[in-house]
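See below for the structure under consideration.
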Amino acid sequence: MFPTYDVIVVGGGHAGSEAAAAAANMGAKTLLVTMNMQTIGQMSCNPAMGGVAKGQIVREIDALGGYSGIVSDRSAIQFRMLNRSKGPAMWSPRTQNDRMLFAQEWRTMLEQTPNLDFWQEMVKGIVVKDGAVVGVRTGMGHEIPGKSVVLTNGTFLNGIIHIGEKQFGGGRVGEKAATGITEQLVELGFESGRMKTGTPPRIDGRSLDYSKMEEQPGDDDPQTFSFSPDSQPMSHHRPCHITYTNPDVHDILKTGFEQSPMFTGRIQGIGPRYCPSIEDKIDRFAERNRHQIFVEPEGWHTVEVYVNGFSTSLPEEVQYKALQKIPGFEQAKMFRPGYAIEYDYFPPTQLQHTLETKLVRNLFFAGQINGTTGYEEAGCQGMLAGINAVRNVREEAPVIIDRSQGYMGVLIDDLINKGTDEPYRMFTSRAEYRILLRQDNADLRLSHIGHKLGLLSDERMALVTAKEENTQAIISWMRQYSVDPNEVNGLLEAQGTAPLKQKVKLISLVSRPQISITDLRALPAVAEALKDYPRDHVEQAEIQIKYDRYIQKEQEMVERMQKLENVPLLESFNYRELKGLSAEAAEKLSTIKPHSLGQASRISGVSPADISILMVHLNR
């Protein structure tokens, strides 16, 4: 009934969808197995993509040839570039999305992808032979043969939903949990754990009084996530709104603490520290008398509203009473309550950099099964797992994104070297090279990899080449063109920066923090020279000019670190016999078995002193 597939992807969420798309677009015969074809690409929690650091990841996925950016653009109801008041390393694109349209676009794109088949059924386990995966086993007893398998089970592995004192099995509200896989993997020697996440109530927008809230509009000049010319900026937005909790809200919520599964111990899994439930917020930050609530529409043509910042697992009646004390929510009607969900995950130190498991060959994990949280984190893992599954089958060299190449490289490196015992979320602060890893240059950093893999078209690559060439042409012209004090001093004084005393090259003015190229377009020569260049090419040139010194400094750091990356460590090395290593370092190094000195230096518990001892030993 089933042919032998090159890649079988289990799960149709963000990780699974990107894994299936990547594998199929590389020419591999791919099967996507999902419990429900109607929920492919489902936004299980908030109807938004991107945000701080996450927006950079979406652009990286797009630069490699993934689908998340294009799907986000096609289903966006609002676009905002966050942190514009800060430096460009902090700028982060974010879309508010139409939840139903987002899933529809994902399914449409996948169905139009050659080499990709679908099967709707629960996977109960994997088939292993001689230490390698050779297929999957379904609930109806089918054995589907495959040369590699990517598990992207999300929150479905033995999922339990909690609402107050009620609990029931499920991977999402209204959908059953997946069973069997955890138990088999544990039998095979894998270590598993439990995590928890949550979601807020959904509200009828017709029952809200928006006049009592602060409107949050989209950007006047919106961009797109995708670098593809097929993605066009939106012409109009739907606004979001902001309101706040208050002491009355907090007092009502506290009445439900005795029934809260978080505080009574019924939930064993650890929740996301950076996205706590509302009851967790008022318990941990008791000194604060209000918390921000983002009121986010679920789509263009629905009245359903997502109450961002009010994630909770308290009893429904407590949720409802507390919501009605929030300004603008006095007459609120609830579509469904918020809930917490607890699920199995597998500590990611059990993985290689490729996301292949160390215990079973050709078996890959991606997404929340690795302890991460967020659509974007899942999507980039799925894409790289799909790519490397194909590369494994073809016996080709793996694709590993370095920490200096992308946030996705930082994420995977953190997971496999440090592990995580709470849901991992990406932040710009996790990246030591964040001036290099900006959202504006993701295409320049990664498109050559996607093109080489066959994931990015020649047309897309030509656009990247044009951007590189135009950026350098703009910078070169500004290095050569001189400006006279008489033609520019009025402009400089208006911007609060020192006037010129003599002619200078234009590049020195662009280097000033108070001056932008937009300001300098007031000069006829500048306006004429730049008139034919796309906006993002000019912006790229300006960023490279303004941050040249910092970019060079980080590139030097990368080069120094690369020297450690080039010092190999044998997998068979016996760290426990090396005198001077701390006991923790010897234990961690023996468990993770780093491939290089650079990787060893990033393992949690391995100190600079331990690295020095390793270096001395290797020099001998």
Side-chain angles (χ1 to χ4, degrees), residues 15 53 57 60 190-193 195 270 273 345-359 363-374 377-378 380-381 384-385 388 398-434 436-437 557-558 560-576 578 581-615 618:
I57 291 176
E60 289 175 0
F190 286 91
E191 175 192 351
S192 72
M195 279 191 179
I270 298 172
R273 182 189 311 183
Y345 84 106
F346 291 83
T349 51
Q350 301 172 97
L351 303 176
Q352 314 272 8
H353 258 110
T354 58
L355 298 180
E356 183 184 16
T357 68
K358 294 175 179 176
L359 283 176
L363 176 64
F364 295 77
F365 292 170
Q368 285 175 287
I369 192 173
N370 289 335
T372 60
T373 181
E377 290 90 341
C380 75
Q381 290 175 71
L384 288 170
N388 283 312
V399 173
I400 296 171
I401 305 299
D402 188 77
R403 294 181 74 91
S404 63
Q405 289 179 294
Y407 273 92
M408 54 174 67
V410 174
L411 182 149
I412 291 172
D413 195 68
D414 278 355
L415 290 177
I416 68 164
N417 289 322
K418 299 174 182 176
T420 186
D421 56 7
E422 62 180 276
Y424 179 102
R425 179 180 178 182
M426 180 51 72
F427 293 99
T428 51
S429 58
R430 294 190 189 272
E432 61 270 48
Y433 309 120
R434 55 186 172 272
L436 299 181
L437 307 183
M557 288 170 58
V558 171
R560 286 200 299 272
M561 194 65 202
Q562 201 62 48
K563 292 177 181 177
L564 291 181
E565 299 294 343
N566 291 333
V567 179
L569 292 171
L570 295 176
E571 193 171 327
S572 59
F573 190 89
N574 191 337
Y575 296 97
R576 292 185 174 90
L578 185 57
L581 276 185
S582 69
E584 182 180 10
E587 180 64 29
K588 292 287 181 68
L589 290 165
S590 298
T591 300
I592 294 173
K593 296 182 172 61
H595 297 297
S596 70
L597 203 56
Q599 184 185 350
S601 71
R602 297 188 298 275
I603 295 173
S604 178
V606 178
S607 69
D610 295 317
I611 296 300
S612 295
I613 290 167
L614 273 173
M615 290 177 73
L618 292 170

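- Scanning all heavy atoms of the two residues, the minimum distance from E571 to K593 falls at CG-CD, 3.4 Å.
- Applying the side chain to side chain contact (heavy atoms under 4.5 Å, CB included) test to S582 and every residue at least two apart in sequence or in another chain returns E584, A585, D610.
- In terms of heavy-atom proximity, E60 sits nearest to G406 at OE2-CA, 3.2 Å.
- With a 4.5 Å cut-off on side-chain heavy atoms, L614 and V567 do not count as touching.
- I400 is linked by a side chain to side chain contact (heavy atoms under 4.5 Å, CB included) to H353, T354, P398, counting only residues two or more places apart in sequence or in another chain.
- Looking at L411, L415, N370 one by one, the single match for side-chain contact (heavy atoms from CB on, under 4.5 Å) with E377 turns out to be L411.
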For this session: Start with the C-alpha distance between L597 and M615, add both sets of side-chain angles, then the distance that settles side-chain contact (heavy atoms from CB on, under 4.5 Å), and finish with yes or no.
Result: CA-CA 8 Å; L597 203 56; M615 290 177 73; 3.3 Å; yes
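- Nearest heavy atom pair, residue R425 against residue T373, reads CB-CG2, 3.9 Å.
- The side-chain heavy atoms of L618 and L569, taken from C-beta on, include a pair separated by under 4.5 Å.
- Side-chain atoms of Y433 and V410, non-hydrogen and from C-beta on, never get closer than 4.5 Å to each other.
- Inspection of the Q350 and T357 side chains reveals no N or O donor paired with an N or O acceptor under 3.5 Å.
- Here the side chain of D413 pairs no donor or acceptor atom with the backbone of G409 at under 3.5 angstrom.
- Every residue meeting the side chain to side chain contact (heavy atoms under 4.5 Å, CB included) condition with S590, not counting sequence neighbours, appears here in chain and number order: Y575, R576.
- Here the CG-OG distance, from L564 to S596, works out to 8.0 Å after rounding to the nearest 0.5 Å.
- The OH atom of Y424 sits 15.0 Å away from atom CD of Q368, with the distance rounded to the nearest 0.5 Å.
- Closest approach of R434 to Y407, counting heavy atoms only: CB-OH, 3.5 Å.
- In terms of the ring-ring contact (aromatic ring centres under 6.0 Å, His included) criterion, residue partners of F346 (sequence neighbours excluded) are, by chain and number, F365.
- From I57, atom CD1 reaches atom CE of M426 across 5.0 Å, with rounding to the nearest 0.5 Å.
- Side chains of D402 and S404: a donor-acceptor N/O pair is present below 3.5 angstrom, by distance only.
- The side-chain heavy atoms of R602 and R403, taken from C-beta on, include a pair separated by under 4.5 Å.
- In this structure the side chain of I603 reaches within 4.5 angstrom of the side chain of L589, judged on heavy atoms.
- Closest approach of N417 and I592 over heavy atoms only: O-CD1, 3.2 Å.
- In this structure, T372 contributes its side chain and G367 its backbone to a donor-acceptor pair below 3.5 Å.
- Residues Q352 and H595 have side chains in contact (heavy-atom distance under 4.5 Å, counting atoms from C-beta outward).
- When the salt bridge (Lys or Arg N to Asp or Glu O under 4.0 Å) test is applied to K418, the partners found at least two apart in sequence or on another chain are D414.
- Residues meeting the side chain to side chain contact (heavy atoms under 4.5 Å, CB included) test with A385, sequence neighbours left out: V150, L355, F364, A366.
- Contact record, K358 with T591: NZ-O, 3.7 Å, taken as the closest heavy-atom pair.
- In this structure, K588 contributes its side chain and V606 its backbone to no donor-acceptor pair below 3.5 Å.
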